[in-house]
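Data block below; observations after.
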Amino acid sequence: MEINQVVATLYCTQRVPGLDHCALRVLKDRKGKIQVATDPVGTRPGNWVFTTSGSAARYAMGNADILTDLTIGGIIDDWAPETIAKPESSAASNNGDASDTPAQTNSNPARAA
């Protein structure tokens with residue numbers, strides 16, 4: 001699974017039968033790579049999502065006959081990418097188990113309200 005941000009809806013009028021009624025979204029990862037994914041959960045641009053790929057993506061759509069190799073598995077409710085990827089402080093690593101330290105903070109003031 002990977003974390004991506006929804007950039008836009010992809011509109012396609014002509015599709016193969018395995019994608020007839022699937023919503024498609026354009027996603028961007030933190031490095032700027034663009035991908036297209038099927039969307040069974042109803043995302044909007046700006047949403048952070050986690051995705052499944054490969055054969056798991058077909059099962060995530062609820063039908064293994066759907067032709068996809070990337071599916072949005074869910075919308076992330078609270079995600080602050082600028083704080084998650086930072087290395088742990090030396091004080092936290094000196095205290096033993098770093099898993100006791102909260103890994104996520106909400107740096108978005110609008111979400112904190």
Side-chain angles (χ1 to χ4, degrees):
M1 287 188 226
E2 294 186 17
I3 294 175
N4 296 287
Q5 188 172 30
V6 178
V7 177
T9 297
L10 184 66
Y11 298 99
C12 298
T13 55
Q14 300 295 319
R15 302 180 191 204
V16 296
L19 291 172
D20 284 341
H21 302 289
C22 297
L24 301 174
R25 303 290 184 249
V26 179
L27 306 179
K28 179 177 69 171
D29 68 12
R30 291 184 54 203
K31 294 180 181 179
K33 181 180 176 184
I34 300 292
Q35 295 179 309
V36 175
T38 52
D39 179 11
V41 297
T43 64
R44 293 184 293 198
N47 287 143
W48 285 96
V49 298
F50 71 89
T51 58
T52 59
S53 59
S55 60
R58 294 190 338 257
Y59 290 103
M61 283 297 296
N63 179 351
D65 293 333
I66 293 176
L67 302 175
T68 185
D69 65 350
L70 188 63
T71 298
I72 296 170
I75 300 169
I76 300 170
D77 295 323
D78 190 17
W79 172 249
E82 65 278 357
T83 60
I84 298 299
K86 289 183 181 176
E88 301 228 9
S89 69
S90 59
S93 61
N94 291 337
N95 291 336
D97 185 11
S99 65
D100 294 337
T101 305
Q104 185 171 352
T105 60
N106 187 355
S107 65
N108 184 346
R111 298 285 310 226

Looking only at heavy atoms, which two atoms of A60 and P40 are closest? And how far apart? O-CG, 4.1 Å
Is there a donor-acceptor contact under 3.5 Å from the side chain of Q5 to the main chain of G46? yes
In terms of heavy-atom contacts, A8 and P45 come closest through CA-CG, 4.1 Å
Quick check for you: to the nearest 0.5 Å, what is the distance between D39 atom CG and T71 atom OG1? 9.0 Å
Return the minimal non-hydrogen interatomic distance between C12 and L24, and the atom names on each side. SG-CD1, 4.1 Å
Determine yes or no for a side-chain-to-main-chain donor-acceptor pair under 3.5 angstrom, with R15 supplying the side chain and C22 the backbone. yes
Got D69 and S53 here, is their nearest side-chain heavy-atom distance under 4.5 Å? no
Spatial distance of atom CG (L27) from atom CD (E2) [nearest 0.5 Å]: 10.0 Å
So, taking the atom named NZ in K31 and the one named CG in N4, what distance separates them when rounded to the nearest 0.5 Å? 12.0 Å
Check against side chain to side chain contact (heavy atoms under 4.5 Å, CB included), T38 and I72: CA-CA 6 Å; T38 52; I72 296 170; over 6 Å; no
Do V41 and V6 sit in one hydrophobic cluster, given that two such residues count as connected whenever their side-chain heavy atoms are within less than 4.5 Å of each other, even indirectly? yes
Steps toward side chain to side chain contact (heavy atoms under 4.5 Å, CB included) verdict (T9, R25): CA-CA 5 Å; T9 297; R25 303 290 184 249; 3.3 Å; yes
Would you find a donor on one side and an acceptor on the other, under 3.5 Å apart, between the side chain of N47 and the backbone of V49? no
side-chain contact (heavy atoms from CB on, under 4.5 Å) with V36: of T68, L70, L10, only one passes, and it is L10
